[in-house]
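Naming convention: chains lettered A, B, ... in sequence-line order (proteins, then strands); numbering from 1 in each chain.
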2 protein chains.
Amino acid sequence: MRWEELDQQPCSLARTLAVIGDRWSLLILRDCFLGIRRFDQFEDRLGITRHILADRLKKLVEHDVLRKVPYQERPRREEYRLTDKGLELHPVLMAMVHWGDRHMADERGAPVRHIHKGCGQAMTPVTVCSECGEPVNARDIRVEAGPGWESAGVLPHSS
Amino acid sequence: MRWEELDQQPCSLARTLAVIGDRWSLLILRDCFLGIRRFDQFEDRLGITRHILADRLKKLVEHDVLRKVPYQERPRREEYRLTDKGLELHPVLMAMVHWGDRHMADERGAPVRHIHKGCGQAMTPVTVCSECGEPVNARDIRVEAGPGWESAGVLPHSS
DNA sequence: GATAGTTGGTTCCTTTATGGAACTTGTCAA
DNA sequence: TTGACAAGTTCCATAAAGGAACCAACTATC
């Protein structure tokens with residue numbers, strides 16, 4: 001499978017990876033969630049080369065995850081902001097950060113804390129079932145073919 | 001920043017990406033969660049080249065996300081299974097699949113349904129606060145420096 | 001009015017990673 | 001003794017990323 005074919009797969013994970021599944025896109029998005037908006041800020045913080053940064057920002061704009069917003073005219077300058085579609089990637093980032101905190105942190109502990117404005121406490125993300133509200137983990141879920149399924153593969157067993 | 005330096009960063013997202021942040025690792029893990037365990041099954045389903053597959057499996061084993069379990073002797077054959085650390089990546093995968101279902105699905109809808117064994121219903125993952133149990137989204141969270149922070153960057157503002 | 005600085009890129013060339021196909025190793029079965 | 005199977009490894013061609021320099025449209029300074 002070539003990289004460009006990814007978003008044609010009947011798999012939402014593959015299609016998501018077509019947008020954010022490379023080295024840099026998630027680090028760019030992390031910085032977006034921290035309030036970074038301008039080309040040179042991304043460059044400074046990430047240590048990414050300029051043409052790869054330009055390419056990734058362009059791709060994220062094409063996928064409607066970021067949008068360019070002018071902040072001055074003459075010379076025209078634009079900054080990059082998360083769209084609603086981009087903001088909805090927050091659970092993905094939170095889940096990854098939480099896993100990193102648990103399994104990849106050094107002796108000093110988690111680098112950042114997430115404060116829930118609603119209750120004012122340092123929180124970790126918990127994934128719950130949309131229907132019953134109970135926490136779910138891998139073993140609580142059974143997978144079955146949905147409406148968009150085409151038999152381009154077979155579910156080997158319902159884990 | 002080089003790829004190998006990623007896991008030295010004081011950022012749990014970067015460290016997580018050092019493990020699962022490449023083209024193939026998440027697709028391999030998707031298949032692991034579907035019950036795939038053997039080298040040739042991964043190869044058939046993913047269309048990945050053999051030496052990249054071997055490399056990624058090795059890396060995932062080194063990071064204790066998968067482990068090799070012998071299933072026959074003479075000739076010795078081993079399969080790959082998720083460790084507990086690997087199983088804890090489930091929320092990451094669920095969040096990505098859910099985002100793909102919402103934003104990247106074609107007209108036929110989501111390719112797979114996730115049934116919560118606990119309540120028997122088709123569910124979507126909802127991220128809630130570990131402290132108060134309320135659903136959280138990007139705008140509900142304020143970020144502050146935690147114990148593992150070192151000033152290798154500055155939080156630009158508390159989004 | 002020439003020179004330098006700022007922002008947001010692009011171009012060119014080198015290094016690294018990936019794709020594709022063939023080869024290897026240990027074993028069993030015909 | 002030939003063939004098949006599972007799980008890799010090796011070799012070479014192509015694609016992607018790193019690094020540095022250059023460009024364009026202004027503004028500010030000397």
Side-chain angles (χ1 to χ4, degrees), chain A residues 1-9 14 17-28 31-32 35-63 66-81 156, chain B residues 1-9 14 17-28 31-32 35-63 66-81 156:
Chain A
M1 187 204 320
R2 318 303 307 266
W3 202 228
E4 317 85 55
E5 305 168 31
L6 256 188
D7 59 353
Q8 260 91 276
Q9 295 236 137
L17 290 175
V19 182
I20 57 164
D22 73 283
R23 271 174 173 62
W24 291 110
S25 297
L26 277 166
L27 290 172
I28 291 171
D31 278 2
C32 289
I36 300 296
R37 291 177 179 171
R38 297 188 190 170
F39 194 92
D40 59 333
Q41 292 178 304
F42 287 114
E43 194 198 349
D44 291 347
R45 287 177 50 89
L46 295 173
I48 187 175
T49 59
R50 300 168 76 78
H51 75 295
I52 296 297
L53 176 58
D55 180 76
R56 291 303 181 277
L57 289 171
K58 186 158 148 268
K59 211 167 271 180
L60 289 169
V61 168
E62 281 166 8
H63 283 292
L66 299 179
R67 68 176 193 280
K68 293 176 87 158
V69 179
Y71 67 89
Q72 82 175 28
E73 303 288 339
R74 284 197 317 283
R76 185 180 182 84
R77 295 270 184 265
E78 296 178 300
E79 59 186 19
Y80 294 87
R81 297 204 201 180
Chain B
M1 187 203 319
R2 317 303 308 266
W3 200 231
E4 316 83 58
E5 304 167 32
L6 256 188
D7 58 353
Q8 261 91 276
Q9 296 236 136
L17 288 176
V19 182
I20 57 165
D22 72 283
R23 272 174 174 60
W24 290 111
S25 297
L26 277 166
L27 290 172
I28 291 170
D31 278 4
C32 289
I36 300 296
R37 291 178 180 170
R38 298 189 188 170
F39 194 91
D40 59 335
Q41 293 178 303
F42 287 114
E43 194 199 349
D44 291 348
R45 288 176 49 90
L46 295 174
I48 188 177
T49 60
R50 300 170 76 79
H51 78 291
I52 296 298
L53 176 57
D55 181 75
R56 291 303 182 277
L57 289 170
K58 184 157 150 272
K59 211 166 271 181
L60 289 169
V61 168
E62 281 166 9
H63 282 293
L66 300 180
R67 68 178 195 279
K68 293 176 87 159
V69 180
Y71 67 90
Q72 84 175 25
E73 302 288 341
R74 284 198 317 283
R76 184 178 182 86
R77 297 268 184 268
E78 297 178 300
E79 58 184 20
Y80 295 88
R81 297 203 201 183

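Atom CG in Asp55(B) sits about 11 Å away from atom P in dG19(C), given to the nearest Å. One atom, CD1 of Ile52(B), and another, C1' of dG20(C), lie 11 Å apart when rounded to the nearest Å. In this structure, Trp24(A) places its CH2 atom 17 Å from P of dA16(D), rounding to the nearest Å. In this structure, the NZ atom of Lys59(B) is 12 Å from the C1' atom of dT18(C), given to the nearest Å. The CG atom of Leu53(B) sits 10 Å away from the P atom of dA7(D) (whole-angstrom rounding). Rounded to whole Å, atom P of dG8(D) lies 13 Å from atom CD1 of Ile48(B). Residue Lys58(B) contributes atom NZ, which lies 11 Å from atom P of dG8(D) at whole-angstrom precision. Residue Leu46(A) contributes atom CG, which lies 16 Å from atom C1' of dG8(C) at whole-angstrom precision.
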A correct 5'-to-3' footprint of nucleotides 1-6 of chain D, with B, S and - meaning base, sugar-phosphate only and no protein heavy atom under 4.0 Å, is ----BB
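Using a 4.0 Å heavy-atom cutoff across all strands shown, Lys68(B) reaches sugar-phosphate atoms only and no base atom. No contact: Phe42(B) has no heavy atom under 4.0 Å from any strand.
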List the steps, then state whether side-chain contact (heavy atoms from CB on, under 4.5 Å) holds for Phe39(A) with Arg50(A). CA-CA 9 Å; Phe39(A) 194 92; Arg50(A) 300 168 76 78; 4.2 Å; yes
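The two residues His63(B) and Ala18(B) make their nearest non-hydrogen contact at NE2-O, 4.3 Å. Summarising the geometry of Leu57(A) relative to Tyr80(A), their closest heavy-atom pair is CD1-CE1, 3.6 Å, with the distance given to 0.1 Å. Nearest heavy-atom pair, Asp22(A) versus Arg56(A), reported as atom, atom and distance to 0.1 Å: OD2-NE, 2.5 Å.
For dT7(C), the OP1/OP2 oxygens have no side-chain nitrogen or oxygen of Tyr80(A) closer than 4.0 Å.
Rounding to the nearest 0.5 angstrom, the gap separating the CG atom in Asp31(B) from the CG atom in Leu26(B) is 11.5 Å.
Each of Glu73(A) and Ala54(B) lies near DNA chain D, and the nucleotide nearest Ala54(B) is the one positioned closer to the 5' end.
Looking at residues two or more places apart in sequence or on another chain, you find a salt bridge (Lys or Arg N to Asp or Glu O under 4.0 Å) between Arg81(A) and Glu79(A).
Side chain of His51(B), nearest nucleotide from dA17(D), dT10(D), dG19(D): dT10(D). Proximity note for Thr49(A) (side chain, C-beta onward) versus dG9(C), dA16(D), dG19(D): the nearest is dG19(D).
Judged by the 6.0 Å and 45° rule, Arg38(A) forms a cation-pi pair with Tyr71(A).
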